[in-house]
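First the proteins, then the strands, lettered A, B, ... as listed; each starts at 1.
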Amino acid sequence: MSDEYYVKNDLSLVERFDKDNVVVAKLDDLINWGRAGSPWFFQFGLACCAIEMMAAAGPRHDLERFGMMPRATPRQADVMIVAGTVTLKMAERVKRLFEQMADPKYVISMGSCSNSGGPYWQHGYHVLKGVDIVVPVDVYIPGCPPRPEALIQGILELQKKIKLDTPLRKKS
Amino acid sequence: MSISDILTDQFKDSVEFSDQQNCLFIKDPSKWDKISLFIKNDKRMKFNYLMCISGYDLDDGVNLGLAYNFSSTELKTYLEVRIEFAYLTHIPSVTPLWRAADWHEREAYDLFGILFDNHPDMKRILLPDDWEGHPLRKDYITPEYYKGMPVPKDKSYWE
């Protein structure tokens, strides 16, 4: 591997020996590199934002170049993209699905509706005013709906966040 | 003879045709099952297609309304029928005649609390089964919480 590869992939390796295929690194960095490189997302959509999410996952924007693969079960998913209006009826299901995901798990709130209720802010008797009331959100993406580029930027921000994590240290 | 003339002839006192709103008002809701049978089966009517059922609240605290839009694909004609009635009046279901009425009537029940007789599966269609009240009524009061989740905009939650 060339030097450029390590620089591009943001590997803060302490030392490496090219001939023997050996690297010396912090275990935190190695785990974070693995986690950030393949955040498989949970394949479900709630409203029109899901159309943009599907477009982002399709061939033109191609989420798989970030290692993102749609999984149709919470057991195999790492990232939940809440794409659309969270009604009170659905909020219970969203919460339960989040609880079924295995750690480490992340939530991206996509679009105005799941950020804060969106157009249902004032008169929506049936809409949850922000999905962060029921699940902890890592990244918020504004827009109604956000374009696939905005979703991709949100994913890159999430990857940055994952790389700053310290999985081996105990959390207080 | 126009459709409105035939209907007013047939059901004299229980219907009234409004030229201004171009629709047929039914004064006596209990006659609706006979009238619906007539407009479905009579050879001058043949309204075989129920396009929509809309509910509405007249905002006077006592009355609700229903608007039915019919079309005849054979005779290329159109008819709107309206019923206005007091709260808790039972309306005969038209689901046995037009299967399209099934979900429309469930929606009218869900959002306005209009009660239908002889409907095969009378329950809520959109809202959860344990929801209280009928939200599109003018006298509906939005609850503070639904299963621990705040419903109205509550700025104190995040500010």
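Linking ILVMFWY side-chain heavy atoms closer than 4.5 Å, directly or via other members, places Met90(A) and Phe41(A) in two distinct hydrophobic clusters. Follow the hydrophobic side-chain contacts under 4.5 Å out from Val94(A) and you never reach Leu158(A); the two are in separate clusters. Hydrophobic clustering of Ile, Leu, Val, Met, Phe, Trp and Tyr side chains at less than 4.5 Å, counting indirect connections, keeps Met53(A) apart from Phe42(A). Residues Tyr120(A) and Ile141(A) are members of separate hydrophobic clusters, defined by side-chain heavy-atom contacts under 4.5 angstrom among Ile, Leu, Val, Met, Phe, Trp and Tyr.
The side-chain heavy atoms of Tyr146(B) and Glu92(A), taken from C-beta on, include a pair separated by under 4.5 Å.
Annotation for Val151(B) and Tyr125(A): closest pair CG1-O, 3.3 Å, computed over non-hydrogen atoms.
The contact between Val127(A) and chain B is made entirely by backbone atoms, counting heavy-atom distances below 4.5 Å.
Other residues, nucleotides and ligands place more than 12 heavy atoms under 6.0 Å from the CG atom of Leu164(A). Other residues, nucleotides and ligands contribute at most 12 non-hydrogen atoms within 6.0 Å of the CD1 atom of Ile141(B). The environment of Lys27(B) atom NZ is dense: over 12 non-hydrogen atoms of other residues, nucleotides or ligands sit within 6.0 angstrom. Counting heavy atoms of neighbouring residues, nucleotides and ligands inside a 6.0 Å radius, atom CZ of Arg60(A) does not exceed 12 of them.
With rounding to the nearest 0.5 angstrom, the CG atom of Leu128(A) is 6.0 Å from the CE atom of Met149(B). In this structure, the separation between CH2 on Trp131(B) and CG on Leu88(A) is 5.0 Å, given to the nearest 0.5 Å. Lys89(A) NZ to Asp130(B) CG: the interatomic distance, rounded to the nearest 0.5 Å, is 10.0 Å.
Checked by atom type and distance alone, the side chain of Lys129(A) never pairs as donor or acceptor with a backbone atom of Pro150(B) at under 3.5 Å.
At a heavy-atom cut-off of under 4.5 Å, chain A is reached by Ile125(B), Leu126(B) from residues 112-126 of chain B, listed in order of number.
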